S.K.: 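If you scroll down you'll find the structure; I have some questions about it.
We count ligands from 1, going down the list as the structure has it; atoms in each ligand are counted the same way. As the structure is a computational prediction, the values presented were derived from the model and not from experiment.
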Amino acid sequence: MPNWPVFNPRFLRRIPEAMLILGIETSCDETGIGLYDTEAGLLSEALHSQVALHEAYGGVVPELASRDHIRRIIPLIRKTLQEGNRTLDAIDAVAYTAGPGLAGALLVGASVAESLAVALDIPVVGVHHLEGHLLSPLLGEQPPGFPFVALLVSGGHTQFMAVRDVGQYELLGETVDDAAGEAFDKTAQLLGLPYPGGPALSRLAENGDPGRFALPRPMLQSGDLHMSFSGLKTAVSLLVKSRGDDDHAHIAASFEAAVADVLCRKAELALEQTEMNQLVVAGGVGANRRLRQTLAERLARRGARVAFPPLRLCTDNGAMIAYAGACRLLRHPEAAQQPGQFTIHPRWNLQEYAQASGLR
Ligand code: KG4
Ligand code: ZN
């Protein structure tokens, strides 16, 4: 049995009102480290993307991902501290992505975070990856205040959430099949584009006419906030078979327009239903230029505001984990974990997480 105290109230007392926190993200194929100071803001961040490593396989290979995280994580932490002009012993707390994600990959970040916390005798907190994305627009310029509607659009999720405060998340609606990012990736594959498909498809779409092909807008009129993207991929597949390579840019642009149209219409409905006037967009697909433009234009027409994280913070990164960890520790010091008791949650529902942390 490890010789850890069962309860250590010292940790509750030792969370300072202002803190320097190191964030560690290793849930999938990006090793991300961020250094956030609650008074000075984001000091530095470093990222290593494994895109090149997994490219040949057309998707993420979990075992390769874990091994690469192990190789990169310590040099990245050093680089982040150096660029932030801080030493290891200046850190007040560590936050890591505890889930959801690939088990082996999560374990790398969790065990490094835990080791640092024990060695430095500072608190450590496990963060939900989606909470990181959800709060990441607050790291941007002119951050929105609470409450807001969040649109989470990543490779694994497409959800509307009412966010009333840190830890208060209500699911309003979500995709019933593929996530929007998944639809981007699969459509890109149909068009012969390299992995990961989203950015490649959106580059190709820049030379296409979004009105050339009328692709379906599934569940546009369903009256609720659920969405479906798998039919869109089937429609693209039929088009690709019946058209030549010359039409690929038009197909990409028409696909993007269909996704942006559905997400916009649903975003308008979410604001109507919640009587809120701010939308924040988070997750990898939030980097999509057409989606950003369409949302900004259409929401401005109804007097609502849309906020995006800075482009580099749309996809996975350590800065958002540091930020979410700081919010959590400052508002809910009891979220700090006992040393030696770190956990990971490869499958983890955001609302369950909020409820289990006793925040509602
Ligand atoms: O949030 P993220 O980095 O990882 C998780 O899924 O958690 O999101 C990755 C997804 C991928 O499906 C990728 O193709 C998509 O975001 N993505 C984009 C763009 N950049 C990344 N999709 C459309 N346009 C982009 N510019
Ligand atoms: Zn993500």
S.K.: How far does CG of D68 sit from NE2 of H54, to the nearest 0.5 angstrom?
M.R.: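 With rounding to 0.5 Å, CG (D68) is 7.0 Å from NE2 (H54).
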S.K.: Under a 4.0 Å heavy-atom cut-off, what residues line ligand 1?
M.R.: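 If the criterion is a heavy atom under 4.0 Å, then ligand 1 touches H129, H133, S154, G155, G156, G181, F184, D185, G198, P199, S202, G283, G284, V285, A287, N288, T315, D316.
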S.K.: Going by ring-ring contact (aromatic ring centres under 6.0 Å, His included), name the pairs with one or both residues in residues 287-326, residues two or more places apart or in two chains.
M.R.: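 Checked against ring-ring contact (aromatic ring centres under 6.0 Å, His included) - neighbours excluded - the pairs reaching residues 287-326 are Y36-Y323.
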S.K.: Say you draw a straight line from CD of Q278 to CG of L299; how long is it, rounded to the nearest 0.5 Å?
M.R.: 11.5 Å
S.K.: Roughly how far, to the nearest 0.5 Å, is CD of E182 from OG1 of T158?
M.R.: 8.5 Å
S.K.: Regarding E170 and R164, does a basic nitrogen lie under 4.0 Å from an acidic carboxylate oxygen?
M.R.: yes
S.K.: The criterion is salt bridge (charged side-chain N to carboxylate O under 4.0 Å, His left out); which residues satisfy it with R78, sequence neighbours excluded?
M.R.: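 None.
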S.K.: Evaluate the criterion salt bridge (Lys or Arg N to Asp or Glu O under 4.0 Å) for residue pair E206 and R290; output intermediate values, then yes/no.
M.R.: CA-CA 9 Å; E206 279 171 26; R290 187 182 306 275; over 6 Å; no
S.K.: Give me the ring orientation class for F148 and F146: parallel if the planes are under 30° apart, tilted from 30 to 60°, perpendicular past 60°.
M.R.: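 Taking F146 first and then F148, their aromatic rings lie parallel (interplane angle under 30°).
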S.K.: Would you give the length of the straight line joining atom CD of Q82 to atom CD1 of I77, rounded to the nearest 0.5 angstrom?
M.R.: 13.5 Å
S.K.: Taking 2.8 Å as the limit, list every protein N, O or S atom around the Zn ion (ligand 2), by chain and residue number.
M.R.: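 Less than 2.8 Å away from the Zn ion (ligand 2) sit H129 NE2, H133 NE2, D316 OD1.
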